[in-house]
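Indexing begins at 1, ligand by ligand and atom by atom, following the structure's order. Since this is a predicted model, take the numbers as computed values, not measurements.
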Amino acid sequence: MISITLVTGNKRKLAEVAAIMEPYGIKVTMAKAVKFEAQGEIDFVSSLAAQLASMELLAPVVVDDSGLYVDSLNGFPGPYSSYAFDKLGNKGLLKLMDGVPDRKAVFRCVVTYADVITDEIKSFEGQITGYIRSDIGKEDGFGFDPIFSPFGPGGKAFSEMDVAQKNEISHRGIAFRKLAVFLLNKIAQG
Ligand code: IMP
């Protein structure tokens, strides 16, 4: 069985990633490394954080950096999503959107595989478009899950989906399935 080390302190994220990778026969373990919170776009942050974690742990690692980009806020919070969530929470973001008719938003995830020993760095992206709800949905999942609904039938918030349903369409599901294909090809090529 292939195994990858995901650098995160977020157990919900770990559960999502483990479920995405399981059908590919890829086991996911969690490791803590110093998370280097660089400022910049998520592809830059993801790549840099993965390289630094791989240097620190002297092993191949995987880092996921994600963000919520709200159209009417010019893409805010985007790469500052973690900070914005800590400071504003879902209520605060909804307040910023009070009376705003354009509620379109995109969740983006960039996952980076880095191995400093073989000098290999590869990033994969996934995104999903939806809208910011006018109210807070079921309090479940993590982060902005209760206020984001993907476009499509049902109008469910991410927090109202089970892990399998969310993974099927989510930014993280899309990005990690690309990583899984890359890892399986890598193994096949020896
Ligand atoms: P991180 O870069 O993965 O730590 O994510 C940054 C922030 O974006 C997190 O603190 C969450 O608030 C938010 N976020 C990222 N992915 C998701 C998701 O799948 N659902 C809800 N919020 C998310």
Side-chain angles (χ1 to χ4, degrees), residues 4-21 28 30-53 61-70 73 75-97 103 105-114 123-133 136-152 156-179:
I4 57 169
T5 303
L6 180 70
V7 179
T8 184
N10 182 337
K11 286 190 178 147
R12 293 277 193 161
K13 191 188 272 187
L14 174 73
E16 286 185 11
V17 174
I20 298 163
M21 300 310 253
V28 185
M30 180 166 116
K32 285 226 172 178
V34 178
K35 178 136 194 235
F36 186 73
E37 287 289 351
Q39 281 193 5
E41 263 311 328
I42 59 170
D43 44 0
F44 168 73
V45 175
S46 174
S47 173
L48 190 59
Q51 290 173 66
L52 292 172
V61 298
V62 170
V63 168
D64 157 335
D65 206 57
S66 313
L68 178 65
Y69 294 72
V70 181
L73 301 177
F76 180 81
Y80 308 107
S81 290
S82 183
Y83 187 76
F85 184 77
D86 286 349
K87 296 291 172 196
L88 300 172
N90 285 319
K91 265 197 196 144
L93 190 66
L94 284 194
K95 213 162 169 195
L96 287 183
M97 300 289 290
R103 309 193 70 86
V106 179
F107 253 125
R108 288 181 60 207
C109 168
V110 177
V111 52
T112 301
Y113 170 88
S123 294
F124 305 91
E125 184 175 347
Q127 39 179 281
I128 178 163
T129 307
Y131 62 94
I132 303 298
R133 298 162 60 95
I136 298 183
K138 186 180 162 203
E139 292 280 7
D140 203 352
F142 70 97
F144 298 112
D145 275 352
I147 60 164
F148 178 85
S149 287
F151 284 139
K156 274 189 185 176
F158 262 169
S159 62
E160 291 160 349
M161 299 177 185
D162 61 31
V163 170
Q165 278 175 313
K166 181 181 170 188
N167 280 342
E168 213 176 295
I169 55 173
S170 78
H171 49 314
R172 187 161 296 107
I174 295 165
F176 274 88
R177 281 190 286 276
K178 291 180 187 170
L179 171 69

Item to complete: Examine ligand 1 and decide if any of its atoms is less than 4.0 Å from a heavy atom belonging to L68.
Response: no

Response to the item:
If we number the atoms of ligand 1 from 1 as shown, the ones under 4.0 Å from a heavy atom of D65 are 2 (O)

Discussion item. Give the atom numbers and elements of ligand 1 that come within less than 4.0 Å of a heavy atom of K13.
Written reply: 1 (P), 3 (O), 4 (O)

Discussion item. If you define the side chain from C-beta out and look only at heavy atoms, does anything of L73 sit under 4.5 Å from L93?
Written reply: yes

Fill in: Other residues, nucleotides, ligands: >12 heavy atoms within 6.0 Å of E168 CD
no

Practice prompt. Check each atom of ligand 1 against the heavy atoms of D64 and keep those under 4.0 Å away; list them by number with element.
Written response: 3 (O)

Discussion item. One thing to verify: whether R12 and D145 come together as a salt bridge, which I'm taking to mean a side-chain N less than 4.0 angstrom from a carboxylate O.
Written reply: no

Worksheet item: Can an N or O of D145 be found at a distance shorter than 3.5 Å from an N or O of ligand 1?
Response: yes

Worksheet item: What atoms in ligand 1 come closer than 4.0 Å to a heavy atom of K166?
Response: 18 (C), 19 (O), 20 (N)

Practice prompt. Find the distance between CG (D65) and OG (S47) and round it off to the nearest 0.5 Å.
Written response: 11.0 Å

Worksheet item: Any side-chain heavy atom of M21 sitting closer than 4.5 Å to one from L179?
Response: yes

Worksheet item: Which is closest to atom 22 (N) of ligand 1 by heavy-atom distance: F148, F158, Y83, F144?
Response: F144

Worksheet item: Using 30° and 60° as the class limits, which term best fits the ring planes of F144 and F107: parallel, tilted or perpendicular?
Response: tilted

Worksheet item: Does H171 reach ligand 1 with a nitrogen or oxygen that is under 3.5 Å from one of the ligand's nitrogen or oxygen atoms?
Response: yes

